[in-house]
Amino acid sequence: MKTGTASLSARRRVLLGLGALATAAAGGWLWTGRHRRPAALAGTSAAPNAQAPASARRAERFTQPLRIPAAAGLMADVVLRGELALTAGSADFAIFPGAATALWHYAGLHDGKAVANPLLRLQHGQKLQVNLHNALDEATTAHWHGLSVDEANDGSGLHPVQPGAQRRYAFNVANRAGLYWYHAHPHGNTGKQIQRGLAGLLLVEDAQENALRARLGLNWGERDLPLLIADKQIDSNNSIVYKDGADDWIGNRILVNWTADAYLDAVPGLYRLRILNGCNARLWRLAFVHRGGLLPFQLIGTDGGLLERPWRLQDIFLGPAQRIDVIVDFSTVAVGDRVLLSSLDYMAMENEDDAGPLQPHLMADHPGAVPMGAAQDLMEFRLVADRSQRRSFGAAAIPARFQPLPPVAAEDCALRQFKLALDAEGRWLINQWNMYFNGHEPVFRVRRGSREIWEIHNALASMPHPIHVHGFQFRLLSRRISPPDIRARAVTDTGLSPHDLGLLDTVVIWPGEIVRIAIDFSQPFEGVQRYMLHCHNLEHEDRGMMITFAVDDDAKQLCEA
Ligand code: C2O
Ligand code: CU
Ligand code: CU
């Protein structure tokens, strides 16, 4: 049992009543909705009135070509056929100039080539078969994040793969086309193992997906690209640093597709980007910055695939583990210009103690890291002339509508309530539950095939929690009591943003918010299947902000009197 409460209590001082809140407000960390840019960071991102072209100011900032999934190596593009053997282990990779970086990763051989953390591509309905061998000296797993699987194939901490042992994952991919991912998920060590590198992407394709690609004229791996964005804490020897028992682990370097300081030579035209926030704890407010202004983009998909229609946006919040599918149009950008993919500053709302997000003691473990919520640039697109003659068809090719999503059908009586809060010891709880108290014993049972509404209330003295449900995608019904900047993004009278209208497996719940989600617990499996409900801030998860629930034919239906 490891709760780490000693270090927690210093970090997580609970606000004592309204007096402390008022003090906090006076201290200036109330949500303002303004795009504040701390003076010290002014040079790191384009301020709204910046006049100098981006290229002049940051010529040497993004120096390494973005890794594109290729036949071999890190993030190799692997079209899965038959079984793939993957070994969880550690090896050195050249990521930064100078010393190599030891990366924990899933290694395999595909078509005779060595691959590491491969991007797995599968067709909807196809069988995924991966045989995981653990060559680390601690237990690990491969969890198939977002996929509809049974407990045995979920790769959660319920079924750890011990050092030297193997486990075969085999299941039919029942999810819609979209970007999913796989990562290590051993109880108590998920934060460390993902920070050290154990994560890869998984792209599900289907007929609708292939038709859209053809219609847009964007070739996968050229102008239809995945972006796995993660921050890492890197020391002076180019090693990834992680502290056991850490809290909210943020890093001082950004890797996009395992590339540091990444740039992509881009032609003036459409790009489709499938973006994963692969950070342990960092929440992004993503935007494309060009000459100090924001280049709008179309949001077309979320965790569980395409939306019902595209939405034109200027920026978007993306919490840990969430994915978005966006189309950005560089055709208005002059050749020679640069466009930054940035995270704009936002109010981090780390309201759980009176320290505020920028306090030095919170940053002591993260030298050089940009504080949570402060602006930072993630990568750069350099506009070059299009010599390929492979043109996309332009923004007009983006369909006005995609296929309808599964309906939100849930009965009001089937309401389950959850409250996210800290206890007096500084432990994050889901209701009164915490993995370290409740272990693998399901804290509630859901009747298979039922449709439930889960109402998740985040305490006001809290912080944003990216809440994730294993095994099922869900839809949002409403957001209430949202912070102003979240409310400002609502496009429905139920408080939902365009992002919220998609199929999701992870939802960010801001302090004070009450969010209702609808989950259809239909599945083709039998017997008792146990899943996890947890915060995908990995340090919260590892500190027990995670519970086990069961899906079962015999469970009581909430609507039965
Ligand atoms: Cu991506 Cu339980 O996690
Ligand atoms: Cu998951
Ligand atoms: Cu959390």
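Values in this document were obtained by computation on a predicted structure and should not be read as measured data.
For the residue pair N280/E539, the side-chain donor-acceptor check at 3.5 Å is satisfied.
Contact annotation: the side chain of W428 approaches that of S462 to within less than 4.5 Å [non-hydrogen atoms, C-beta and beyond]. Side-chain contact between I300 and L307 is absent, with no heavy atoms from C-beta onward closer than 4.5 Å. For the pair Y436/R427, no side-chain contact is recorded, criterion being any heavy-atom separation below 4.5 Å from C-beta on. Under the 4.5 Å side-chain criterion, counting only non-hydrogen atoms from C-beta, R416 is in contact with L558. Put simply, the side chain of E452 does not reach to within 4.5 Å of the side chain of F472, judged on heavy atoms. You'll find the side chain of L128 reaches within 4.5 Å of the side chain of L80, heavy atoms only. Between L318 and I324 there is a side-chain heavy-atom pair separated by less than 4.5 Å. Two residues are said to be in side-chain contact when any heavy atoms from C-beta on lie closer than 4.5 Å; Q403 and L306 fail this criterion.
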Any chance you could lay out the side-chain contact (heavy atoms from CB on, under 4.5 Å) test for C535 and E541, step after step, and finish with the verdict? CA-CA 5 Å; C535 180; E541 172 184 340; 5.5 Å; no

Check step by step if salt bridge (Lys or Arg N to Asp or Glu O under 4.0 Å) holds for R530 and D154. CA-CA 9 Å; R530 290 175 300 169; D154 191 31; over 6 Å; no

Check the pair T548, M435 against side-chain contact (heavy atoms from CB on, under 4.5 Å), reporting the backbone distance first and the verdict last. CA-CA 8 Å; T548 307; M435 197 73 188; 3.7 Å; yes

Under the criterion side chain to side chain donor-acceptor pair (under 3.5 Å), I'd like the reasoning laid out for Q193 against T140: C-alpha separation, chi angles, the key distance, then a yes or no. CA-CA 8 Å; Q193 293 194 2; T140 190; 2.6 Å; yes

Test salt bridge (Lys or Arg N to Asp or Glu O under 4.0 Å) on E209 and R272 and set out the steps. CA-CA 12 Å; E209 166 64 36; R272 183 175 177 194; 3.1 Å; yes

Test side chain to side chain donor-acceptor pair (under 3.5 Å) on Q322 and T506 and set out the steps. CA-CA 6 Å; Q322 291 190 304; T506 307; 6.0 Å; no

Let me see the working for D554 and R445 under salt bridge (Lys or Arg N to Asp or Glu O under 4.0 Å), right down to the final yes or no. CA-CA 9 Å; D554 300 327; R445 290 169 180 277; over 6 Å; no

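Considering CG of L120 and CG of N117, their distance stands at 9.5 Å, rounded to 0.5 Å. Put simply, CG on D206 and CG on N210 are 7.0 Å apart, with the number rounded to the nearest 0.5 Å. Expressed to the nearest 0.5 Å, how far CD1 of I453 lies from CG of L415 amounts to 6.0 Å. In this structure, OG1 in T190 is found 13.0 Å from CD in Q195, a value given to the nearest 0.5 Å. Rounding to the nearest 0.5 Å places NZ of K419 at 14.0 Å from CH2 of W433. For the atom pair L132 CG and L86 CG, the distance stands at 7.0 Å (nearest 0.5 Å).
For P399 against P310, the heavy-atom pair with the smallest separation is O-CG, 3.2 Å. When all heavy atoms are compared, the tightest approach of F474 to I467 is CZ-O, 4.5 Å. Scanning all heavy atoms of the two residues, the minimum distance from L283 to G319 falls at CG-CA, 3.9 Å. In terms of heavy-atom proximity, P118 sits nearest to V78 at CB-CG2, 3.7 Å. Nearest heavy atoms, V204 versus N175: CG1-O, 3.8 Å. Considering every non-hydrogen atom in both Q473 and I519, the closest pair reads O-CG2, 4.2 Å.
For H185 and H534, the distance between ring centers is under 6.0 angstrom. Aromatic ring centres of Y242 and W104: separated by at least 6.0 Å. For W249 and H366, the ring centers sit closer than 6.0 Å to each other.
Ion pairing between R168 and E83 holds under the 4.0 Å rule for side-chain N and carboxylate O. The residues R479 and D500 are annotated as salt-bridged, a charged nitrogen and a carboxylate oxygen being separated by less than 4.0 angstrom. With respect to the salt-bridge test (charged N to carboxylate O, under 4.0 angstrom), the residues R213 and E205 qualify. One finds a salt bridge joining D505 and R323 here, because a Lys/Arg side-chain nitrogen approaches an Asp/Glu carboxylate oxygen to under 4.0 Å. A salt bridge is absent between D248 and R282: the closest approach of a Lys/Arg side-chain nitrogen to an acidic carboxylate oxygen does not fall below 4.0 angstrom. Under the 4.0 Å criterion applied to side-chain N and carboxylate O atoms, R447 and D553 are not assigned as salt-bridge partners. Salt-bridge annotation for R121 and D77: present, with a side-chain N of the basic residue lying under 4.0 Å from a carboxylate O of the acidic one.
By the 30° and 60° cut-offs, the orientation of the rings of W144 relative to Y169 is perpendicular. Ring planes of F549 and Y531: tilted class, angle from 30 to 60°. Taking the six-membered ring for Trp and thresholds of 30 and 60 degrees, W454 and F418 have ring planes inclined between 30 and 60 degrees apart. Between W181 and H536, the ring-plane angle classifies as tilted under the 30° and 60° cut-offs. In this structure, H145 and H183 have tilted ring planes: the angle between them lies in the 30° to 60° band.
Each salt bridge (Lys or Arg N to Asp or Glu O under 4.0 Å) pair with one or both residues in residues 136-150, not counting sequence neighbours, appears once here: E138-K192.
For the pair D325 (side chain) and R274 (backbone), a donor-acceptor distance under 3.5 Å is absent. For the pair N134 (side chain) and V161 (backbone), a donor-acceptor distance under 3.5 Å is present.
None of I275, V256, N277, L276 except one satisfies the side chain to side chain contact (heavy atoms under 4.5 Å, CB included) rule with L228; the exception is L276.
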